[in-house]
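Heads up: numbering here begins at 1 and tracks the sequence. Because the structure is predicted, anything quoted here is derived from the model rather than measured. Hydrogens, waters and symmetry mates play no part in the numbers below; they use all other heavy atoms, side chains included.
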Amino acid sequence: MTTRLSTAREICYDADVANENSTTNSITEGPVWKGLLVFFFPILLGTFFQQLYNTVDAVVVGQFLGKEALAAVSGGSAVYVNLLVGFFTGLSTGATIIISQFYGAHHKRELNRSIHTGMALAVWAGIALSVLGVLITPWAMTIISTPEDILAPSITYLRIYFAGVLPMFIYNMGAGILRALGDSKSPFVILVAGCAVNIVLDLVFVAVFHWGVAGAAWATVISQAVCMILTFYKLIHQYDPDCRFYFRRMHFTPHLLRRMVHVGLPNGVQSSLYTISNLIIQSNVNSFGTDMAAAWAAYGRIDSIFWMTVSSFGVAITTYAGQNYGAGKHERIHEATKQGLLIMGGTSVFYTILFYITGRWIFLLFTHDAEVISEGMQMLHFLAPFFITYIPVEVLSGSIHGSGETFRPMIITMLGICVLRIIWLFTAVPAHDTIIMVVACYPVTWISTSIAFFVYYKKGNWIRAHTITQS
């Protein structure tokens, strides 16, 4: 581990693990690829276990309750979870970016105030979105043409999920804070614990108590509460008091809240626009019937392995760029971007080959229905080769976000992916009403948006657009 002797007292996690976590110092010093990967892998593993929450729900429900319950848990209800939760996750990146910049610039007072402002934002946003989600669930499931045979269980699952959304928000914000401080291991360990609880409770509530989709939802909510408690414990017991969380200090600092919202809101809007376009896609898929809805739900669990990898790298490179931007080391940001494109490009090719070879066996985890598997494999064979075309979107936007520039990337994404995707669905699909034409909107928009990001990144204006200040 490369050590910055002049700032050793600023290491912001427990002394007993400080020597194990090489991410804190390797972000702004040492080999770029090593710093990226050491920071990235705990995030990836943590995201993997986070994905396991819903995947375990899908496996248990699909095996014990059938394809209708699988579609209820993993179809339209999952899209709505992504809509509201994704909005907050995008919004919370504002806190992560600001905290990582203050940490890289060694602005200790603003660093501490940012931590408490971010956590206050998580609490109030979690309460608001929990109430909203419970109230609008029946209407929301109806407007996307949810098949009648899965409407009631979809509403049940989604309402319980939203009732327990506050712990998820607190964990996500806490994990973002820890990563901004260079600690990507602790969120991973916490998620492992939460996932273990989720697996046990899924089996108990669904297979033993026979609570149906409600049991799967409650298992997820309880496991998220466990993650919340462990996250608070980790933040409260930080070694450096400047990085420590105190409940009595949890309030909004107005100018920091404004900065967090200014930086994070475009990401939240971007995430919501992604999901709105996916809702339209879900509605198109639902029009083909329950078998197609179940196939799309199962395929979504398979390709989530790819998405969690690339999105984890996006989180890693955003924090990496944020700390180096705060430290004034812009050349490391550019080098990380180049190496990130190579690393993730190779990873996408690996996943394409892997899914082609193992896809049918993975589908069997969720269902043994031959028609569902056949439709799902058709989707997989068409989409997997295009994974590589999305890589520049995540890597380039992650580097740009680290500088605090999030508005223009939102516009690029909104036009290149969301608006173009909707145009495709309302023009190309009616002319050729097949499932392949529906899902073709993905590669069309990935390619277009990647080109736009390359053009904007090369201009270089984004890296000079912001400065780090403290009050």
Side-chain angles (χ1 to χ4, degrees), residues 75-94 129 132 136 140 143-145 261-287 296 299-300 303-304 306-308 310-311 313-315 318 348 379 382-383 386-401 405-432 435-457 462:
S77 59
V79 177
Y80 276 115
V81 168
N82 291 336
L83 176 62
L84 292 183
V85 176
F87 174 79
F88 171 75
T89 302
L91 181 63
S92 68
T93 60
L129 290 184
L132 176 64
I136 70 171
I143 65 169
I144 60 168
S145 305
V261 172
H262 176 75
V263 173
L265 185 59
N267 280 335
V269 172
Q270 175 179 311
S271 177
S272 295
L273 290 173
Y274 263 112
T275 310
I276 289 171
S277 65
N278 286 337
L279 279 172
I280 299 174
I281 294 170
Q282 183 69 53
S283 181
N284 277 266
V285 171
N286 287 344
S287 69
W296 183 243
Y299 167 77
D303 85 340
S304 67
F306 166 75
W307 292 112
M308 73 179 183
V310 69
S311 65
F313 197 85
V315 172
T318 297
S348 69
M379 299 172 187
F382 177 76
L383 288 173
F386 290 102
F387 285 165
I388 194 170
T389 64
Y390 180 78
I391 297 301
V393 176
E394 197 71 40
V395 175
L396 297 177
S397 66
S399 296
I400 296 167
H401 287 162
E405 173 56 75
T406 56
F407 179 74
R408 289 180 179 84
M410 178 199 72
I411 297 299
I412 294 172
T413 302
M414 179 182 69
L415 296 176
I417 287 186
C418 303
V419 173
L420 181 56
R421 188 172 291 175
I422 292 171
I423 291 172
W424 178 272
L425 292 171
F426 282 98
T427 57
V429 172
H432 305 279
I435 191 63
I436 292 301
M437 188 60 67
V438 171
V439 300
C441 68
Y442 286 102
V444 168
T445 53
W446 295 341
I447 294 169
S448 301
T449 310
S450 289
I451 293 172
F453 266 112
F454 268 119
V455 172
Y456 181 60
Y457 182 88
W462 53 273

For Tyr442, enumerate each residue passing the side-chain hydrogen bond (donor to acceptor under 3.5 Å, both in side chains) test, keeping only those at least two apart in sequence or located in another chain.
-> Asn278
Of all heavy-atom pairs between Ile281 and Cys441, which one has the smallest distance, and what is that distance?
-> CD1-SG, 3.5 Å
Take Trp446 and Arg421 through the side chain to side chain contact (heavy atoms under 4.5 Å, CB included) test and state the conclusion after the steps.
-> CA-CA 10 Å; Trp446 295 341; Arg421 188 172 291 175; 3.8 Å; yes
Atom of His262, atom of Thr406 and distance for their closest heavy-atom approach = O-OG1, 3.8 Å
side-chain hydrogen bond (donor to acceptor under 3.5 Å, both in side chains): which pairs involve residues 83-94, sequence neighbours left out?
-> Thr93-Asn267
Kindly give the heavy-atom pair with the smallest separation between Phe382 and Phe386, and that separation in Å.
-> O-CD1, 3.3 Å
Taking the side chain as every heavy atom from C-beta outward, state whether Met379 and Trp296 have any pair of such atoms under 4.5 Å apart.
-> yes
Separation between CD1 of Ile412 and CG of Leu396, rounded to the nearest 0.5 Å = 9.5 Å
Beyond-backbone contact of Leu425 with Val438, side-chain heavy atoms, under 4.5 angstrom | yes
Quick one: list whatever passes side-chain hydrogen bond (donor to acceptor under 3.5 Å, both in side chains) with Ser397, sequence neighbours left out.
-> none
Between the side chain of Ser448 and the main-chain N/O of Gly416, is any donor-acceptor distance below 3.5 Å?
-> no
Side-chain heavy-atom pair Trp424, Thr445 within 4.5 angstrom cut-off = no
In Å and rounded to the nearest 0.5 Å, what is the CD1 to OG distance from Ile435 to Ser287?
-> 7.5 Å
Those residues at least two apart in sequence (or on a different chain) that pass side-chain contact (heavy atoms from CB on, under 4.5 Å) with Thr413 are Gln270, Tyr274, Ile417, Phe453
Begin with the C-alpha distance, continue with both residues' side-chain angles, and end with the deciding distance and a verdict on side chain to side chain contact (heavy atoms under 4.5 Å, CB included) for Leu420 and Leu415.
-> CA-CA 6 Å; Leu420 181 56; Leu415 296 176; over 6 Å; no
Please answer whether the main-chain N or O of Phe407 pairs with a side-chain N or O of Glu405 as donor and acceptor at a distance below 3.5 Å.
-> yes
Compare all side-chain heavy atoms of Arg408 with those of Tyr456 and state whether any distance is below 4.5 angstrom.
-> yes
Stepwise, does the side chain to side chain contact (heavy atoms under 4.5 Å, CB included) test hold for Leu383 with Asp303?
-> CA-CA 9 Å; Leu383 288 173; Asp303 85 340; 5.5 Å; no
Which atom names give the shortest non-hydrogen contact between Pro409 and His401, and what distance separates them?
-> CB-NE2, 3.6 Å
Non-neighbouring partners of Ser348 that pass side-chain contact (heavy atoms from CB on, under 4.5 Å), sequence neighbours left out | Phe306, Phe387, Ile388, Ile391
With Cys418 via side-chain contact (heavy atoms from CB on, under 4.5 Å) - residues at least two apart = Leu273
